[in-house]
Amino acid sequence: MIRRTIEHFSLEQICVSGQCFRMEQKGEHTYSVIAKDKYLEAAQCGGETIFYCEEEEFESFWKNYFDLDTDYHAYLECIDPRDNYLIKAAEAGSGIRILRQDLWEMIVSFLISQQNNIVRIRRCIQNLCEEYGEEKEVEGGKRYYAFPGPEALAGLHEEALKACNLGYRSKYVVRAARAVVSGEIQLREIETLSYPEAKAELLKIFGVGEKVADCICLFALHHTEAFPVDTHINQALKNHYKRGFPKRRYRGFQGIMQQYIFYYELHMGK
DNA sequence: CGCCAGGGGAGCT
DNA sequence: AGCTCCCCTGGC
């Protein structure tokens with residue numbers, strides 16, 4: 001069990017920020033997360049966060065996963081004080097972190113996300129994991145399912161994934177899995193590339209377009225200059241940035257600002 | 001039953 | 001860059 005007081009960190013905000021589909025609220029202050037083959041429960045009371053895991057696992061995995069070594073205060077400080085909208089958005093979502101998630105998981109998750117809502121995306125991924133992920137067990141006896149690797153999905157027929165509720169996105173996932181297994185798409189190599197190079201590689205995957213590629217770059221590769229534009233962001237840009245979002249001002253970390261805006265649009269209503 | 005929207009994408013021009 | 005068409009579920 002690890003206790004930490006962390007500035008600009010909110011499990012609740014991260015959970016509903018829409019970048020992770022395997023994090024859920026368990027109790028009033030408690031959350032569970034599954035990432036790769038790992039399971040974590042965490043709680044937040046006041047300014048203190050409790051991670052229910054061994055120190056070794058916290059240090060070697062979760063600390064990096066939650067991006068705890070990054071100074072988000074510095075990002076918040078950069079915001080144009082005259083930009084009332086962004087100031088409000090960032091205040092509302094100041095506890096958001098850009099998680100460092102697994103590349104394959106993000107490819108599949110955001111392939112599934114297209115023309116889909118968050119509740120259903122979560123269900124699709126849960127179905128996928130329960131059906132094809134390896135079953136794991138934590139000490140308390142609690143069972144969970146790891147995310148299925150490309151090998152586990154490459155041999156499937158499209159119809160099999162339709163049973164997981166993926167609908168027409170099934171073929172995207174199966175084809176992506178085959179591309180990885182065949183070596184046509186090399187995940188380890190993509191991880192070493194710059195943002196434009198990685199994005200170009202990801203765009204080669206059937207079913208991956210601009211928006212999905214940017215989500216993968218931001219949430220898996222931590223290319224914080226990626227600025228995914230979906231319908232909500234598009235709406236916000238139309239309403240608040242008629243002359244375009246000031247990407248120059250936030251060069252290199254527009255993606256952080258995107259998350260504040262996305263969170264604000266989705267949860268603070270309009 | 002029909003209609004439509006939900007964090008798009010492919011394939012055109 | 002902008003357009004059309006495609007695609008699957010769930011809610012109304």
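Note: hydrogens, waters and symmetry copies are ignored here, and every other heavy atom, side chains too, is used. Proteins come first, then strands; the chains are lettered A, B, ... in the order of their sequence lines, and each starts at number 1.
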Which of the following nucleotides, B:dG9, B:dA10, C:dG10, is nearest to the side chain of A:Asn165?
C:dG10

What verdict does the ring pair (Phe, Tyr, Trp, His ring centres under 6.0 Å) test give for A:Tyr264 and A:Tyr85, after you've listed the backbone C-alpha separation in whole Å, the side-chain angles of each residue and the deciding distance to 0.1 Å?
CA-CA 10 Å; A:Tyr264 192 64; A:Tyr85 173 74; 5.7 Å; yes

Using the rule ring pair (Phe, Tyr, Trp, His ring centres under 6.0 Å), only one of A:Tyr241, A:Phe245, A:Tyr195 pairs with A:Phe227; which is it?
A:Phe245

Using a 4.5 Å cut-off on heavy atoms from C-beta on, say whether the side chain of A:Lys36 contacts that of A:Phe61.
yes

Looking across every strand, which nucleic acid part, if any, lies under 4.0 Å from A:Tyr172 by heavy atom: base, sugar-phosphate, or nothing?
nothing

Just to be sure I understand the rule, does A:Asn117 reach a base, reach only the sugar-phosphate, or reach nothing, if contact means heavy atoms closer than 4.0 Å?
sugar-phosphate

Presence of donor-acceptor pair under 3.5 Å, side chain of A:Lys211 and base of B:dG7
yes

Could you tell me whether A:Val208 contacts a base, only the sugar-phosphate backbone, or nothing, with contacts defined as non-hydrogen atoms closer than 4.0 Å?
sugar-phosphate

Strand partner of C:dC7, provided both Watson-Crick or wobble distances fall under 3.5 Å
none

Are A:His8 and A:His73 close enough, and set up right, to give a side-chain contact (heavy atoms from CB on, under 4.5 Å), and what steps lead you there?
CA-CA 7 Å; A:His8 306 299; A:His73 187 70; 3.2 Å; yes

Please give, in whole Å, the distance from B:dA10 C1' to A:Tyr168 OH?
11 Å

Determine whether the aromatic ring centres of residues A:Phe66 and A:Phe51 are separated by less than 6.0 angstrom.
yes

So, does A:Thr231 get its side chain near the phosphate of B:dG6, meaning an N or O under 4.0 Å from OP1 or OP2?
no

Measure from the side-chain heavy atoms of A:Arg169 and tell me the nearest of C:dG10, C:dC8, B:dG8.
C:dC8

Taking for each residue the nucleotide of DNA chain B bearing the nearest heavy atom, is the 5' side occupied by A:Leu203 or by A:His232?
A:His232

Span that lies between the P atom of C:dG2 and that of B:dG7, in whole angstrom
23 Å

Which of these nucleotides, B:dG7, B:dA10, B:dG6, is closest to any side-chain atom of A:Phe206?
B:dA10

Any strand counts, and the cut-off is 3.5 Å on both contacts for Watson-Crick or G-U wobble. Which nucleotide pairs with B:dG7?
none

Taking OP1 and OP2 of B:dG8, is either one under 4.0 Å from a side-chain nitrogen or oxygen of A:Gln115?
yes

Over all strands shown, is A:Gln19 touching base, sugar-phosphate only, or nothing at heavy-atom distances under 4.0 angstrom?
base

Assign A:Ile118 to base, sugar-phosphate, or nothing according to its heavy-atom contacts below 4.0 angstrom with the strands shown.
base

Indicate, with a heavy-atom threshold strictly under 4.0 Å, whether A:Val212 touches base, sugar-phosphate, or nothing.
sugar-phosphate

Counting any heavy atom closer than 4.0 Å, what does A:Ser109 reach on the DNA or RNA strands: base, sugar-phosphate only, or nothing?
nothing

In whole angstroms, the gap separating P of C:dC7 from CD of A:Gln114 amounts to 13 Å

